[in-house]
Amino acid sequence: MSGHDSKYFSTTKKGEIPELKEELNSQYKDKRKDAVKKVIAAMTVGKDVSSLFTDVVNCMQTENLELKKLVYLYLINYAKSQPDLAILAVNTFVKDSQDPNPLIRALAVRTMGCIRVDKITEYLCDPLQRCLKDDDPYVRKTASICVAKLYDINAELVEDRGFLESLKDLISDNNPMVVANAVAALSEIQENSSRPIFEVTSHTLSKLLTALNECTEWGQVFILDALSKYKAADAREAESIVERVTPRLQHANCAVVLSAVKMILQQMELITSTDVVRNLCKKMAPPLVTLLSAEPEIQYVALRNINLIVQRRPTILAHEIKVFFCKYNDPIYVKMEKLEIMIKLASDRNIDQVLLEFKEYATEVDVDFVRKAVRAIGRCAIKLERAAERCISVLLELIKIKVNYVVQEAIIVIKDIFRRYPNTYESIIATLCESLDTLDEPEAKASMIWIIGEYAERIDNADELLESFLESFPEEPAQVQLQLLTATVKLFLKKPTEGPQQMIQVVLNNATVETDNPDLRDRAYIYWRLLSTDPEAAKDVVLAEKPVISDDSNQLDPSLLDELLANIATLSSVYHKPPDSFVTRVKTTPQRSEEEDYPDGSEAGYSESSAHAPDSGASPPTSSSSVPYASPKHPAATQVSPPPSAPAPDLLGDLIGLDNAIVPVDQPVEPAGPPLPVLLPASTGQGLQISAHLARKDGQIFYSMLFENNSQIPLDGFMIQFNKNSFGLAPAGPLQVPQLQPGTSARTLLPMVLFQNMAPGPPNSLLQVAVKNNQQPVWYFSDKISLLVLFSEDGKMERASFLEAWKSLPDSNEVSKEFPGITVNSLEGILDRLAASKVFFIAKRKHANQEVLYLSAQVPRGITFLIELTMVAGAPGVKCAIKTPSPEMAPLFFEAIETLLRG
């Protein structure tokens with residue numbers, strides 16, 4: 001509607017609906033058009049005008065394009081609530097799809113695609129088939145997007161009617177915008193499908209590169225994103241592709257530039273010529289620098305992406321460090337990102353410039369920025385050995401200005417510098433000791449105490465300095481208490497005189513008798529026993545030489561960096577998290593008829609987010625939430641569905657140290673499956689029995705759970721929480737369990753996401769779970785994470801790739817294990833079982849009378865397992881050897897493979 005149409009939003013009289021009804025049925029065209037505008041205005045502000053459905057649909061029979069658009073808009077909004085009446089509009093849609101005007105043909109097919117009602121979907125197929133082959137490119141490009149929408153509603157229908165083949169044909173279309181939309185639609189379908197649908201081949205490559213030069217900017221983004229997934233056959237082809245994509249770096253649209261950079265970076269991995277790589281790095285620098293002259297929000301997105309790029313290819317911006325110097329009017333979030341990149345680009349050649357900048361930033365008014373600047377100086381010192389002395393000088397100058405938080409931050413980083421360069425800069429300790437009185441932050445106090453304890457033999461009055469901290473020992477935070485305890489023990493071991501001896505008695509007494517902190521108490525007891533039984537052993541333990549540290553505080557794991565670089569110009573590259581950690585996609589499977597159940601508990605489609613997902617109006621509904629199924633355990637018991645309860649308060653709070661929220665819910669049905677292992681028996685759970693295990697279905701991990709109420713009271717308001725674990729498994733949505741009457745049970749599937757609550761330390765299979773309801777206390781139980789649910793479809797490899805990967809991994813990465821009690825009778829049977837669990841067969845060979853099988857598997861974050869199984873058919877004993885970039889995961893892998901071999 002145009003600007004002067006605001007009058008339609010003004011409040012109307014009491015009899016609004018009857019009056020609108022009358023106007024909609026007027027014989028005058030203008031009156032009908034005004035009435036439809038009023039209806040749309042009312043709908044826009046949230047009024048219910050669904051009762052006018054029939055009257056508005058009658059206005060569709062018009063040549064006026066504006067009125068037709070308004071009626072179509074109304075239809076999209078209300079077709080879901082009035083599916084039977086929406087059928088009335090089908091004839092008009094079909095008729096409009098053959099209109100001489102291409103705009104009307106496209107409008108009709110676009111609207112039919114937006115009306116997510118099954119009954120209309122059947123009628124959409126013939127018009128869509130025609131529009132995909134229409135003479136007008138505008139109609140064809142609209143129809144190609146409509147195929148993706150239809151696939152989301154009914155995947156099976158799209159495949160049966162050959163729409164995917166029609167879409168693939170459109171990649172060869174002579175209109176670049178049609179090609180771009182076909183690529184966008186196929187990419188969307190591929191993301192939501194568990195099997196390969198769209199792969200760029202050498203045949204389609206040239207067509208996409210040709211279309212790239214002529215389509216709109218967003219069309220270019222779609223094509224570049226598709227091309228970035230293409231793996232060139234050799235270095236020559238990669239160079240040829242990059243040469244044709246390089247002009248896109250000069251584009252005015254930031255999205256095109258970043259997509260082009262992503263595509264070039266991917267192909268550069270295959271280019272062997274150092275001259276070509278050097279030239280490409282030079283060409284990528286100016287467009288990335290240009291992004292930093294845009295609005296602050298775009299600058300931030302560009303900086304987050306540049307942060308990833310310089311970790312892989314620092315030479316691209318090595319000579320451009322000045323563009324990352326902070327301006328006085330930069331928002332704080334831009335300044336912080338610029339600081340990070342400056343540290344990564346700092347080198348012996350530019351360190352003087354960088355230090356001058358950091359020193360300037362340390363006098364700014366923003367406290368957080370100043371702290372980060374001081375830390376940056378310390379990180380540069382740790383990173384660049386030759387520049388360490390200059391960094392120390394700058395830090396000492398900053399300490400002399402006596403600004404409290406600057407001094408404290410400087411002491412924290414100097415402690416790290418001492419650890420990086422032992423016995424080099426200890427002459428400055430006297431200057432640090434002058435600032436003891438100003439320390440009031442735990443980390444700064446702990447750092448200063450560490451320095452005093454570590455260099456006690458060089459500080460004449462070390463005992464006096466430590467004593468000043470001991471006076472407030474009981475009130476200090478745990479971090480400071482732990483450091484004080486260790487520093488006092490160090491002082492005693494280095495100067496076993498009367499003063500330190502008295503101090504150690506006081507500290508050990510405070511740390512064992514007066515404290516409630518188990519960490520502090522345990523450490524104090526260990527020191528006490530060491531000192532009382534073997535002082536020399538205590539020296540070896542407490543005064544042991546410490547490993548030299550390095551600055552890797554903001555370096556990403558190589559496999560994660562690869563994944564993020566493949567997702568440049570998406571949210572993933574801004575969050576610096578893999579997509580599967582914040583987006584849950586339930587892969588689309590072909591739909592069944594309405595009479596059939598969904599055995600996997602999820603209906604076709606996907607939900608982009610586990611919470612606050614917009615109601616898309618799909619039928620059947622898509623959901624990433626868990627899907628419960630309540631069933632009476634005894635035939636006599638009946639299950640009464642209670643009214644939906646209000647969300648219960650978060651009674652568990654931050655149970656077992658997690659951040660993820662615990663939310664109660666209610667939702668639809670999932671059929672019962674095979675028996676599940678009992679994790680909480682009824683005898684322990686006051687009549688509540690919980691059985692559960694992890695399962696993988698269509699590429700999504702679920703926690704399959706069965707709740708049985710053997711108590712005498714109804715149970716409701718179920719909530720769940722998972723402790724930190726080695727794979728960061730956490731719920732993708734809230735737990736869905738209806739009210740359980742006595743003697744009934746309910747089964748549910750809870751979608752899970754990975755890498756949310758990561759536990760430190762070596763990988764293990766422990767999964768700790770807490771469940772609560774409104775009537776009982778919190779129940780805790782443990783489960784096991786099997787790698788079988790983590791094996792992904794990406795584990796399949798070509799024979800040549802397998803061989804190359806095997807050779808590239810060092811022998812230290814090879815681990816083997818024998819299973820003497822396992823007998824394999826049928827090779828075909830075992831291969832089928834392995835393939836069903838995403839362990840893929842590569843090749844086999846005979847060695848003497850033994851069969852040797854080669855297989856591959858992969859878990860998230862691209863961790864691959866290259867497997868060699870050796871066995872004699874029909875005889876006991878199987879040997880399994882694996883090579884993997886993560887040998888620490890071998891025990892978990894062998895546990896999973898043993899399960900498969902035993903069947």
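From a predicted model like this one, the values you see are computed outputs, not experimental measurements.
- For Y78 and F53, the distance between ring centers is not under 6.0 angstrom.
- Side-chain contact check for N175 and E214: no donor-acceptor pair (N or O, by modelled atom type) lies under 3.5 Å.
- Partners of E23 according to the side chain to side chain donor-acceptor pair (under 3.5 Å) rule, which considers only residues two or more places apart in sequence or in another chain, are K38.
- Of all non-hydrogen atoms in D48 and I17, the two that sit nearest each other are O-CD1, 4.3 Å.
- Proximity of a side-chain donor or acceptor of D99 to a complementary backbone N or O of K95 within less than 3.5 Å is not detected.
- At a threshold of 4.5 Å between non-hydrogen side-chain atoms, the residues E159 and Y151 count as touching.
- Heavy atoms from other residues, nucleotides or ligands lying under 6.0 Å from OH of Y575 number 12 at most.
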TODO: Evaluate side-chain contact (heavy atoms from CB on, under 4.5 Å) for V57 paired with V71, printing each intermediate quantity in order.
DONE: CA-CA 7 Å; V57 167; V71 174; 5.5 Å; no
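- Side-chain contact check for T748 versus F707: some heavy-atom pair is nearer than 4.5 Å.
- Taking each heavy atom of P714 and N709 in turn, the nearest pair found is CA-ND2, 4.1 Å.
- Between N64 and K68 there is no side-chain heavy-atom pair separated by less than 4.5 Å.
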Task: Verdict with supporting geometry, F198 and V183, side-chain contact (heavy atoms from CB on, under 4.5 Å) - done: CA-CA 9 Å; F198 172 54; V183 169; 4.2 Å; yes
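- In terms of modelled atom types and a separation under 3.5 Å, the side chain of T111 and the main chain of L107 share a donor-acceptor contact.
- Side-chain atoms of T204 never come within 3.5 Å of backbone atoms of V200 as a donor-acceptor pair (strictly under, hydrogens ignored).
- Counting heavy atoms from C-beta outward, S97 and V109 have side chains that stay 4.5 Å or more apart.
- For the pair L749 and K697, the minimum side-chain heavy-atom distance is below 4.5 Å.
- A distance-only check finds a donor-acceptor pair linking the side chain of Q700 to the backbone of M752 [under 3.5 Å].
- The backbone N or O of M705 lies less than 3.5 Å from no partner atom in the side chain of R747, so there is not a single donor-acceptor pair.
- Taking every heavy atom of both residues into account, Y138 and P102 meet most closely at CD2-O, 4.3 Å.
- Other residues, nucleotides and ligands contribute only 12 or fewer heavy atoms inside 6.0 Å of the CD atom of E22.
- A 4.5 Å side-chain heavy-atom check between D34 and D30 finds every atom pair outside the cut-off.
- Between L750 and P734, the closest heavy-atom pair is CD1-O, 3.7 Å.
- Residues passing the side chain to side chain donor-acceptor pair (under 3.5 Å) test with D160, sequence neighbours excluded: none.
- For the pair M177/P137, no side-chain contact is recorded, criterion being any heavy-atom separation below 4.5 Å from C-beta on.
- Remark: side-chain polar atoms of D96 are not paired, donor with acceptor, to backbone N or O of A108 under 3.5 angstrom.
- Remark: E188 CD to I145 CD1 distance equals 8.5 Å, nearest 0.5 Å.
- Residues L729 and L694 meet the side-chain proximity criterion, which asks for heavy atoms closer than 4.5 Å.
- Of the inter-residue distances, the one linking E217 atom CD with L224 atom CG reads 12.5 Å to the nearest 0.5 angstrom.
- A distance of 4.0 Å separates CG in L754 from CD1 in I701, rounded to the nearest 0.5 Å.
- Minimum heavy-atom separation, A569 to L258: CB-CB, 3.7 Å.
- Side-chain atoms of R105 come within 3.5 Å of backbone N or O of P100 as a donor-acceptor pair.
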TODO: Could you please spell out the steps behind the side-chain contact (heavy atoms from CB on, under 4.5 Å) verdict for R110 and C146?
DONE: CA-CA 6 Å; R110 178 192 292 134; C146 191; over 6 Å; no
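- For the pair K262 (side chain) and I568 (backbone), a donor-acceptor distance under 3.5 Å is present.
- Rounded to the nearest 0.5 Å, atoms CD (Q775) and CZ (F718) are 7.5 Å apart.
- S259 places no side-chain N or O within 3.5 Å of a backbone atom of V256 that could act as its donor or acceptor partner.
- Minimum interatomic distance between K141 and S144 (heavy atoms only, all atoms of both residues): O-OG, 2.7 Å.
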- [ ] Begin with the C-alpha distance, continue with both residues' side-chain angles, and end with the deciding distance and a verdict on side-chain contact (heavy atoms from CB on, under 4.5 Å) for L735 and M719.
- [x] CA-CA 6 Å; L735 178 65; M719 299 178 276; 5.8 Å; no
Let me have the donor-acceptor pairs involving side chains of residues 161-170, under 3.5 Å, with sequence neighbours excluded, atom names and distances please.
residue : atom : partner : partner atom : Å
R161    : NH2  : D126    : OD1          : 2.7
S166    : OG   : G162    : O            : 3.3
K168    : NZ   : I197    : O            : 3.1

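- Checked by atom type and distance alone, the side chain of D134 never pairs as donor or acceptor with a backbone atom of R130 at under 3.5 Å.
- When the shell of 6.0 Å around NZ of K207 is examined, it contains more than 12 heavy atoms from other residues, nucleotides or ligands.
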